[in-house]
Amino acid sequence: MSSESSPIAALVWTFGLMSLFAVGGANSAIPEMHRAAVDVHHWLTDKQFADVFAISQLSPGPNVLIVTLIGYSVAGVGGALAATLAMCGPTALLAYYVSRFLDRSRDARWPAIIQAALVPLSIGLMAASGLIVAQTSDQSWIAVLITIVAAALAFATRINPLWMLLAGGLLGFAGVV
């Protein structure tokens, strides 16, 4: 996509292509979204990306909301709509046709093998997403420590993540982070 193309065309191209590689949902594409929005197109800074990510996670609704917020940052309401449709449209069509194909192949063994192989891929992409967000938002050793504690708590306990988000928000509001 050339630098002379419209911002909406760049959003559609970027997120349309990205949607086809977002195995496991929009959160698995966070590293690529960061690369595209911050490093390639310079639509957002690291801090803006971290803020957009935080807002998308705290807001009710699907994880794809981050795409809408990036689109809005780039080109207003039109950009939000274009980015969201580009991220959801190709994947929805692909999922529809793949599900029809798998439905006809339900007696075969290979669909279960493919689904099982996608599990570690999805987990790895989600871990990479967490790392990218931590790298862009942790600007002090206190923030790094809070991230490590929150990750350990999330891994080792059944504490609702909203409590950790609330605690992090309160620490930020208090000026600790």
If you look at every heavy atom in V52 and S73, which pair is closest and at what distance? CG2-OG, 4.4 Å
Would you compute the distance between atom CD1 of I30 and atom CD1 of I66 and round it to the nearest 0.5 angstrom? 3.5 Å
With salt bridge (Lys or Arg N to Asp or Glu O under 4.0 Å) as the rule and sequence neighbours excluded, what pairs involving residues 49-70 come up? K47-D51
Side chain to side chain contact (heavy atoms under 4.5 Å, CB included) assessment of L81 paired with V77: CA-CA 6 Å; L81 185 61; V77 174; 5.5 Å; no
Distance (rounded to the nearest 0.5 Å) between L44 CG and F53 CZ: 14.0 Å
Spell out, as yes or no, whether a donor-acceptor pair under 3.5 Å connects the side chain of R104 to the backbone of R100. yes
If you look at every heavy atom in S129 and A29, which pair is closest and at what distance? OG-N, 4.5 Å
Which Ile, Leu, Val, Met, Phe, Trp or Tyr residues join L165 in one cluster when any pair of side-chain heavy atoms under 4.5 Å counts as a link? L58, L162
Mind running side chain to side chain contact (heavy atoms under 4.5 Å, CB included) on W43 and T14 for me, showing each step along the way? CA-CA 12 Å; W43 291 327; T14 299; 3.9 Å; yes
What's the spacing between T91 OG1 and M18 CE if we round to 0.5 Å? 11.0 Å
Look only at the side chain of H41 and the backbone of V38, and say whether a donor-acceptor pair between them is shorter than 3.5 Å. no
side-chain hydrogen bond (donor to acceptor under 3.5 Å, both in side chains) pairs touching residues 141-155, sequence neighbours excluded, are D138-T147
Same cluster or not: are L94 and L17 linked, directly or through other Ile, Leu, Val, Met, Phe, Trp or Tyr residues, by side-chain heavy atoms under 4.5 angstrom apart? yes
Identify whether I114 and L102 are in the same connected component of the hydrophobic contact network (ILVMFWY, side-chain heavy atoms under 4.5 Å). yes
S19 and M87 have their tightest heavy-atom pair at CB-O, 2.9 Å
Applying ring pair (Phe, Tyr, Trp, His ring centres under 6.0 Å), which residue pairs with at least one partner in residues 157-177 are found, sequence neighbours left out? none
Value for CG (L85) from CG (L11), rounded to nearest 0.5 Å, stands at 11.5 Å
Before giving the answer on side chain to side chain contact (heavy atoms under 4.5 Å, CB included), spell out for H34 and V133 the whole-Å C-alpha distance, their side-chain angles and the decisive distance to 0.1 Å. CA-CA 9 Å; H34 177 269; V133 171; over 6 Å; no
Check side chain to side chain contact (heavy atoms under 4.5 Å, CB included) between A80 and all other residues, then give those that pass, not counting sequence neighbours. T68, Y72
Can you see which heavy atom on T84 is nearest to which on V67, and at what distance? N-CG1, 4.0 Å
Heavy-atom nearest pair, F15 first then M33, reads CE2-CG, 3.8 Å
So Q57 and N63, side chain to side chain contact (heavy atoms under 4.5 Å, CB included) or not? Walk me through it. CA-CA 7 Å; Q57 294 301 299; N63 290 336; 4.0 Å; yes
Here the pair of heavy atoms bringing A75 nearest to P7 is CB-CB, 4.4 Å
Mind jotting down which residue pairs meet the ring pair (Phe, Tyr, Trp, His ring centres under 6.0 Å) criterion with at least one end in residues 109-131? Sequence neighbours excluded, please. F101-W110
Cluster question for you: counting only ILVMFWY and a side-chain heavy-atom cut-off of under 4.5 Å, with indirect links fine, are L166 and V149 together? yes
Can you tell me how far the CD atom of Q115 sits from the CG atom of L118, to the nearest 0.5 Å? 7.5 Å
Spell out, yes or no, whether L170 and I159 are grouped together once hydrophobic residues are joined by side-chain heavy atoms under 4.5 Å, including indirect joins. yes
Under 3.5 Å: donor-acceptor pair, side chain of S99, backbone of Y96: yes
Would a hydrophobic clustering, with Ile, Leu, Val, Met, Phe, Trp and Tyr connected at side-chain separations under 4.5 Å, put L145 with L131? no
Atom CE of M126 and atom CG of L121: how far apart are they, to the nearest 0.5 Å? 9.5 Å
